[in-house]
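Below: the structure, in structure tokens.
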Amino acid sequence: MNAFYHYEFVVPTEVVDRNGHVNNVVYVQWMQDVAIAHATSVGCTAETRALGATWVARSHQITYLRPAFEGDRLRLTTWITTLRKARSTRHYKFLRLSDDAVLATGATDWVFVDAVSHRPRTIPASVSGCFELVAPEEV
């Protein structure tokens with residue numbers, strides 16, 4: 001099991017705004033997309049659905065350091081630092097591959113909830129066991 005999940009992609013034209021760089025809200029979409037891809041790759045998505053549960057975002061935090069532009073090749077890395085009761089903290093780093101520049105960092109506070117009632121549920125071992133946690137000093 002690898003605690004860090006990496007996804008590489010090229011910035012498409014349609015996400016560039018009037019300022020000529022990637023629109024800020026696109027980063028949130030990419031964070032969600034890579035979180036789902038990571039969860040799916042380790043079996044968490046299937047297990048969560050089998051339990052009649054889902055994950056919802058409680059909050060997002062993003063720090064923009066440099067702009068991304070159309071055609072830039074990016075590596076988005078994500079990892080989890082905490083799993084407690086019904087919540088999980090997932091972190092993200094956006095890296096431009098051409099110059100190894102960190103473009104943004106972020107975190108999402110995710111809540112494990114019942115898919116019908118939308119009430120928080122305790123994260124079972126069958127879900128938490130899908131992930132290897134990363135200590136802050138390992139990043």
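Atoms CG and CG, on L133 and L83 in that order, are 5.0 Å from each other to the nearest 0.5 Å. To the nearest 0.5 Å, atoms CG (L74) and CG (L95) are separated by 8.0 Å. Annotation: the span from R49 atom CZ to L51 atom CG amounts to 12.5 Å, rounded to 0.5 Å. In this structure, W55 CH2 and I36 CD1 are separated by 12.5 Å, a value rounded to the nearest 0.5 Å. In this structure, W79 CH2 and T89 OG1 are separated by 12.5 Å, a value rounded to the nearest 0.5 Å. Taken to the nearest 0.5 Å, the CD1 atom of I80 stands 10.0 Å off from the OG atom of S128.
In this structure a side-chain-to-backbone donor-acceptor pair under 3.5 Å is present from N23 to V25. Side-chain atoms of N19 do not come within 3.5 Å of backbone N or O of H21 as any donor-acceptor pair.
Between V15 and Q29, the closest side-chain pair of non-hydrogen atoms is not below 4.5 Å. With contacts defined as side-chain heavy-atom distances shorter than 4.5 Å, the pair Y92/Y27 does not qualify. Side-chain contact check for H118 versus V56: every heavy-atom pair is 4.5 Å or farther apart.
Pairing each heavy atom of H38 with each of A3, the nearest pair is CE1-O, 4.0 Å. Of all the heavy atoms in G20 and F69, the pair that sits closest is O-CD2, 3.2 Å. Pairing each heavy atom of T108 with each of A57, the nearest pair is CG2-CB, 4.1 Å. Heavy-atom minimum distance, R87 versus V111: CG-CG2, 3.9 Å. R121 and A53 make their closest contact through NH1-CB, 3.7 Å (heavy atoms, listed as atom of the first residue, atom of the second, distance). The two residues S126 and E47 come nearest to each other via the heavy atoms OG-OE2, 2.8 Å.
W30 and F94 have tilted rings, their planes meeting at an angle from 30° to 60° on a 0 to 90° scale. Below 30°, between 30° and 60°, or above 60°: for H6 and F4 the angle between ring planes is below 30°, a parallel geometry. Classification of the W110-H60 ring pair by plane angle, with boundaries at 30° and 60°, yields perpendicular.
R73 CZ: more than 12 foreign heavy atoms inside a 6.0 Å radius.
Grouping the Ile, Leu, Val, Met, Phe, Trp and Tyr side chains by contacts below 4.5 angstrom, directly or via other members, places V34 with V28. Both L65 and L97 sit in one connected hydrophobic cluster of ILVMFWY residues. Membership requires side-chain heavy atoms under 4.5 Å apart, directly or through other members.
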Might you work through the side chain to side chain contact (heavy atoms under 4.5 Å, CB included) test for F131 and S88, ending with a clear yes or no? CA-CA 11 Å; F131 300 105; S88 173; over 6 Å; no
Go through M31 and I62 one step at a time and tell me if the side chain to side chain contact (heavy atoms under 4.5 Å, CB included) criterion holds. CA-CA 10 Å; M31 288 163 60; I62 303 173; 3.7 Å; yes
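In this model, no donor atom of one side chain and acceptor atom of the other lie less than 3.5 Å apart for T78 and Y7.
Note on D114 versus R119: no salt bridge recorded, every NZ/NE/NH1/NH2 to OD/OE distance being 4.0 Å or above.
Counting side-chain heavy-atom gaps under 4.5 Å among Ile, Leu, Val, Met, Phe, Trp and Tyr, V10 is found in no cluster with other residues.
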